[in-house]
Amino acid sequence: MATEGIKSKKLYYSIKEVSKIIGVSESTLRFWEKEFPHAKPRTAGLSNIRQYTEKNIEDLKVIYNLIKVRGFKIAAAREYLKNNREGVDKSSEVITLLEDTLAELKEIKKHLDLI
């Protein structure tokens with residue numbers, strides 16, 4: 001998963017931005033929308049442009065972790081989310097904390113390499 005955190009506090013993010021943040025293709029995000037309805041973004045305008053919120057992004061990070069990191073199949077990930085929402089939310093917090101820590105460590109290493 002991309003370790004790029006959500007730097008600016010925007011109200012909505014495009015599918016392209018979310019694709020970069022999560023580290024998957026736009027087509028993967030569209031597929032996950034169908035498989036995990038709670039992660040589906042709102043759509044706006046006549047062309048139904050996807051507008052992702054920070055909550056959508058956090059949900060997608062959890063889905064990424066279950067499928068790409070832990071190796072769950074789609075059905076198993078869906079069932080896990082359904083039966084263990086509280087644990088999943090806690091995992092999401094831990095993942096975010098670890099990503100932030102990794103980014104900070106990389107920044108420290110960059111400064112140390114300059115010395």
* Asked: Do side-chain atoms of Arg78 reach the backbone of Glu35 as a donor and acceptor pair under 3.5 angstrom?
  -> yes
* For the residue pair Lys61 and Glu99, establish whether any side-chain heavy-atom pair is separated by less than 4.5 Å. => yes
* Any side-chain donor near an acceptor of the partner, Tyr13 and Arg50, under 3.5 Å -> no
* To do: Taking the side chain as every heavy atom from C-beta outward, state whether Ile22 and Thr28 have any atom pair closer than 4.5 Å.
  => no
* Would you say Val18 and Tyr12 make side-chain contact, with heavy atoms under 4.5 Å? -> no
* Is there a side-chain contact between Tyr52 and Leu29, using heavy atoms and a 4.5 Å cut-off? -> yes
* Quick check: does any side chain N or O of Asn56 sit under 3.5 Å from a backbone N or O of Thr53, one acting as donor and the other as acceptor? -> yes
* Asked: Salt bridge or not for Glu107 and Lys110, using N-O below 4.0 Å?
  -> yes
* **Over all atoms of both residues, closest heavy-atom pair of Trp32 and Tyr64** => CH2-CA, 3.7 Å
* Pro41 vs Gln51 side-chain heavy atoms within contact, under 4.5 Å -> no
* Structure fact -> Shortest non-hydrogen pair, Ala39 vs Asp59, comes out as CB-CB, 4.3 Å
* Heavy atoms, side chains only, cut-off 4.5 Å: are Ile67 and Lys73 in contact? -> no
* **Whether over 12 other heavy atoms sit under 6.0 Å from Leu114 CG** => yes
